[in-house]
2 protein chains.
Amino acid sequence: MVGIAQVNVYLRVSAVLSFVLTVCLVGLDTQTKIIFFIARKATYRELEALRILVYVDSAAAGYNLLQLCKGLISARFEGNLKGAYICISWIGFLLDQFAAYITFAANSAAIEAAVLAITGAEEFQWMKLCNRYTRFCFQMGGALLCGYVASILMALISFISAYNLFRNYSPNRFLHLKKT
Amino acid sequence: MVGIAQVNVYLRVSAVLSFVLTVCLVGLDTQTKIIFFIARKATYRELEALRILVYVDSAAAGYNLLQLCKGLISARFEGNLKGAYICISWIGFLLDQFAAYITFAANSAAIEAAVLAITGAEEFQWMKLCNRYTRFCFQMGGALLCGYVASILMALISFISAYNLFRNYSPNRFLHLKKT
């Protein structure tokens, strides 16, 4: 029991760090280029997907910090209140699943925007951007990689919370708690 | 036990139907417009994200069909071979999780491409498309909605497979199977 709780804490700390790094890399990424005598500045604000990524990843980092605080408080009376423990586990499980899916989705949407910036879409006359904003694109690539690492950590965390919740149930009767 | 298995079958059948509907709606969506005397045809092939969505959703539909077939075969000797059952449950759980995340990610990437088609990106001189290819965009919107329904069904299926797997484990000792 201690083993898996420790792994959970390490995973959550790593996830928080990866999310914060992603947000910093995306948020601080700017490049100005002069095109036809007009200075154009590329930032994450230009693309909806990157803005959403910043919000979602910040929220996910905050959520994991809250879960870490909760872990410190609830570790003491885990054994005492079975019903309350199950209830908290369900809420934690659903929130973890939600966070995992949402961060994964936000990252994938940002990746799609990044791919469009690299390849363009000829038929629609959307031009390539990364041949002009090269440094911007490299930093964004690093940020998205980091975001994917964080999403995979969130998926692992949601596996563990599913395991912690569902192993309390009977293997034979539907949604019946096991006797300990 | 029968209750949850039946729910699982219904969910998988609904997921297969939603995935097939999504693939058909995306795949058959074309619109030709004459712009500056040149006929331009919008299809899903123009955008990487939509092409990937078609492949991923087709694969997910096929995977769910296979799981339905497997369910028919393995229902008979579920009780007999405990070890083999756990092993198959683990594989099923991991594949379901993988399918749920991948379909969710593919859909979100396609949604991002669709949002870009509606809003454009002024700073990058990517123009709006949906004021020209209106019917194409409406059909694509329906397809993406349908794809999200399918992704949520996949998430529910992966919840059930997590429940079916982890309830076989002891609530007190780490990764120890319960005695029945």
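Throughout, a chain's letter reflects where its sequence line sits, starting with A, and its residues are numbered from 1.
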Going by residue number, which parts of residues 16-27 of chain A are within reach of chain B, meaning a heavy-atom gap below 4.5 Å?
none
Is the shortest heavy-atom distance from the side chain of B:Y101 to the side chain of A:Y101 under 4.5 Å?
yes
Side-chain heavy atoms under 4.5 angstrom apart, residues restricted to Ile, Leu, Val, Met, Phe, Trp, Tyr: same cluster for [X] and [Y]?
{"X": "A:F138", "Y": "A:Y148", "result": "no"}
{"X": "B:I4", "Y": "B:L68", "result": "no"}
{"X": "A:L28", "Y": "A:M140", "result": "no"}
{"X": "A:L153", "Y": "A:V7", "result": "yes"}
{"X": "B:I152", "Y": "B:I157", "result": "no"}

Sort A:F159 into side chain, backbone, both or neither according to what part of it lies under 4.5 angstrom from a heavy atom of chain B.
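Both backbone and side chain of A:F159 come within 4.5 Å of chain B.
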Does any backbone or side-chain atom of A:L116 lie under 4.5 Å from a heavy atom of chain B? Answer side chain, backbone, both or neither.
both
Sort out for me which of B:L47, B:V115, B:L165 touches chain A most, counting heavy-atom pairs under 4.5 Å.
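Of B:L47, B:V115, B:L165, B:L47 has the most heavy-atom pairs under 4.5 Å with chain A.
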Using a cut-off of under 4.5 Å for heavy-atom pairs, which of B:A109, B:S151, B:A162 has the most such pairs with chain A?
B:A109
Structural part of [X] lying under 4.5 Å from a heavy atom of chain A:
{"X": "B:T119", "result": "neither"}
{"X": "B:A106", "result": "neither"}
{"X": "B:L94", "result": "side chain"}

Using the rule side chain to side chain contact (heavy atoms under 4.5 Å, CB included), only one of A:Y169, A:Y163, A:F166 pairs with B:Y169; which is it?
A:Y163
What is the minimum heavy-atom distance between A:E112 and B:A113, and which atoms define it?
OE2-CB, 3.4 Å
Output the distance between atom CD1 (B:I52) and atom OG (A:S108), rounded to the nearest 0.5 Å.
10.0 Å
Should we say atom CZ of A:R45 is surrounded by more than 12 heavy atoms from elsewhere, each under 6.0 Å from it?
no
